[in-house]
> 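Please find one structure pasted underneath; my questions will follow.
We number each residue from 1, following the sequence as shown. Every number for a ligand or one of its atoms is a count from 1 in the order of the listing.
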Amino acid sequence: MPSGSGDSEEAVAPPLRITPLKTVYESYFLIGNVAPRQYLSEDETYILTAHHNAATAENAMKPQPLQPNKGDFRFEQADAIVDAVLAAGMKMHGHTLAWHQQSPAWMNEEGVSREEAIENLTTHARTVAEHFRGRVISWDVLNEAINDNSANPADWRASLRQSRWYQTIGPDYVEIVFRAAREADPGAMLYYNDYNLDNRNKALSVYNMVKELNEKYPNAGGRPLIDGIGMQGHYNLQTNLSNVEASIERFSSLGVEVSVTELDVQAGTDYELTEAQGISQGIVYARLFNVFKKHAETIARVTMWGLNDDSSWRSERSPAMFDAEFQPKPAFFGALNPDVFIAQNLKSGAKSAAKQAEAHYGTPKLDGNDAIWNSATEIPVNQHLTAWQGATGTARVLWDDKNLYVLVTVHNAVMNKTNANPAEQDSVEVFIDENNGKTNAFEKDDGQYRVNFDNEASFNPASAKSGFKSAAIVSGAAYTVAMRIPLRTIKPANGTLVGFDVQINGASPQGMRQSVAMWNDLTGGSATDTSGYGMLKLVK
Ligand code: 9MR
């Protein structure tokens, strides 16, 4: 029916005309998003092509799908995605040539020698980079190779994740894979890509690694070996944006380019985003884009990780710019016009206040089965600090005049404790700040209590061990840990507030920590800083 005839029974609202994000940022950097699979819905295609001028295959170019069996390269899916992206006039970024996840075991499993592993790594990198040569502008050559919370970032080799590549080849696998990629596609910009690079120690390890390798190979095909650092950017409402900026500046000082490669901001819970949370999320996006604009000289591309909340890998936390119905959220408008959005909305955002839960009075038996636990409030421990969604669980807390009692049930655990570092084993950690002082360094009322699925405990500080007791019960892929934690510096009473958090460390079958889930503290600093903890209210 021709529009404007005046006799239509249903007036159809014209489509909302919004300025494309890619147009707003045309003179700053590329705007990217994921191409989740070969066939996209009409809405997905619209979002991807209207607002973005770059794409990353969300999964199709990872080692597992590209070479599931030795020599058996399968490029159909990835080719279809790349061709469609290029046909839409967009740029394609390649993700990823080497990773400790989504890689077939045959490449580097036990029994594979160093020589064979090098052969497998370089053959994969070369074949794939050659195959897409001329069609991708850049590659994440190596993904997520550095540990979280590196203890000594000056020694980047000691900060490398104990991945199968590391175990079979050693730390030189890093330069080996970059050199193979450069030879195979000299025109592509080669990136090292990782999450939590707003963490100072992790960023420093990456800085030191890239610095050393670029000094060692200043002329790898006419330029230094590593062209760029990808900051994934899986952020949340607590992310400290000055840390994000400090890392951009640090990396930029190396003369490499930086891209934000997987941006999202988790803000809601259980697939629900309140209005206030939506606005807070918009403010985080707005502030981030202001930081990115300021550093546009360094930043080549900002890629979002999800076309909408529904299809995001973290959909339950509504982290994307478009909602399940593909409508633009405050996050989108925050990114589109940061200063205006901040000016209009600063007052109405939700404060990212520490979560609070009640702990009821009672003294349980420590066998994990005591019915008294049923009276305790269930605390979800399911916000991931890592870019891998692994073991999660729930905690319950009781208290009496001398102790806190914490019961944590963990799901999806692989029950691995082979790593010599107890934090890399399947384990739970409880953090207590007895006076709820929220201090940026541990004081004498603060403690960290870790117990693995086999009931082996470790403490920070070591003196926190005194009077502590625990039990652990394994049942299938779940385990339960019960702890008795003495209150060392306070006299608990009805109404007392205690700083409190719970962490679940999830190991991989190879014995490396691959996931960390928290109740409240997403700062990544719980072991030294109590300011991000949630709070327990003791009630009698
Ligand atoms: O979003 C991706 C999800 O669909 C996959 O199941 C998962 C495992 O391959 O990978 C997700 O993307 C990850 C990316 O490749 C690397 N950084 C972390 C991302 C989120 O896990």
Side-chain angles (χ1 to χ4, degrees), residues 32-40 44 47-48 54-68 74 77-78 81 92-105 107 128 136 138-148 161 163-165 177 191-199 202 206 228-236 239 259-266 301-322 382-392 412 414 506 508-510 512-517 522 524:
N33 210 320
V34 290
R37 66 201 101 74
Q38 182 176 352
Y39 297 107
L40 302 186
E44 288 173 320
I47 297 289
L48 183 60
T56 305
E58 186 170 7
N59 289 300
M61 290 163 83
K62 292 174 180 173
Q64 173 70 42
L66 288 187
Q67 199 189 174
R74 301 187 186 178
Q77 290 269 329
I81 291 174
M92 188 74 205
H93 168 73
H95 171 82
T96 172
L97 297 176
W99 192 18
H100 64 283
Q101 302 283 11
Q102 299 296 104
S103 296
M107 285 186 171
V128 172
V136 299
S138 46
W139 270 107
D140 292 331
V141 175
L142 178 57
N143 196 36
E144 302 174 5
I146 296 284
N147 275 330
D148 295 306
R161 190 187 285 276
S163 70
R164 288 300 307 160
W165 286 127
V177 67
Y191 272 74
Y192 174 74
N193 192 49
D194 214 328
Y195 63 89
N196 289 3
L197 291 186
D198 51 318
N199 176 293
K202 198 165 175 180
V206 170
I229 296 174
M231 298 177 66
Q232 292 185 1
H234 295 296
Y235 296 133
N236 55 70
T239 299
S259 283
V260 180
T261 54
E262 306 181 12
L263 180 63
D264 54 13
V265 179
Q266 48 176 324
R301 172 174 53 91
V302 176
T303 288
M304 271 54 76
W305 207 247
L307 294 171
N308 74 343
D309 281 341
D310 204 28
S311 59
S312 158
W313 71 297
R314 265 188 177 155
S315 52
E316 71 282 11
R317 307 244 171 244
S318 309
M321 286 188 184
F322 293 86
N382 59 7
Q383 299 200 81
H384 283 98
L385 263 184
T386 43
W388 190 258
Q389 317 262 69
T392 55
N412 304 322
V414 298
S508 70
Q510 292 80 26
M512 317 173 277
R513 184 166 74 179
Q514 61 180 355
S515 66
V516 175
L522 292 177

> Nearest non-hydrogen atom to atom 14 (C) of ligand 1 belongs to which of His95, Arg314, Gln232?
His95
> Atom 21 (O) of ligand 1: which protein heavy atom is closest, and how many Å away?
Ala387 O, 2.8 Å
> Please answer whether the main-chain N or O of Glu144 pairs with a side-chain N or O of Arg161 as donor and acceptor at a distance below 3.5 Å.
yes
> Where the side chain of Thr239 meets the backbone of Asn236, is there a donor-acceptor pair that is under 3.5 Å apart?
yes
> Let me confirm one number: the CG-OH distance from Asp140 to Tyr191, rounded to the nearest 0.5 Å.
8.5 Å
> Show the nearest heavy-atom pair for residues Ile47 and Leu307, with the distance to one decimal.
CG2-O, 3.9 Å
> Looking only at protein heavy atoms, identify the closest one to atom 4 (O) of ligand 1 and say how far it is in Å.
Asn59 ND2, 3.0 Å
> If you have a sec, work out which protein heavy atom is nearest atom 1 (O) of ligand 1 and how many Å separate them, to one decimal?
Glu58 OE2, 2.5 Å
> Heavy-atom distances under 4.0 Å decide this one: backbone, side chain, both or neither, for Asn143 against ligand 1?
side chain
> Any idea which atoms of ligand 1 are less than 4.0 Å away from a heavy-atom of Trp99?
9 (O), 15 (O), 16 (C)
> Using a 4.5 Å cut-off on heavy atoms from C-beta on, say whether the side chain of Asn193 contacts that of Glu262.
yes
> With atoms numbered from 1 as shown, which atoms in ligand 1 lie under 4.0 angstrom from a non-hydrogen atom of Gln102?
8 (C), 9 (O)
> Could you grab the distance from atom OG1 of Thr261 to atom CD1 of Ile229, nearest 0.5 Å is fine?
11.5 Å
> Identify which of Trp305, Trp388, Trp313 has a heavy atom lying nearest to atom 12 (O) of ligand 1.
Trp305
> Kindly compute the distance separating CE (Met512) from CH2 (Trp388), expressed to the nearest 0.5 Å.
10.0 Å
> Compare Glu262, Lys62, Glu144, Gln389 and give the one whose heavy atom is closest to atom 11 (C) of ligand 1.
Lys62
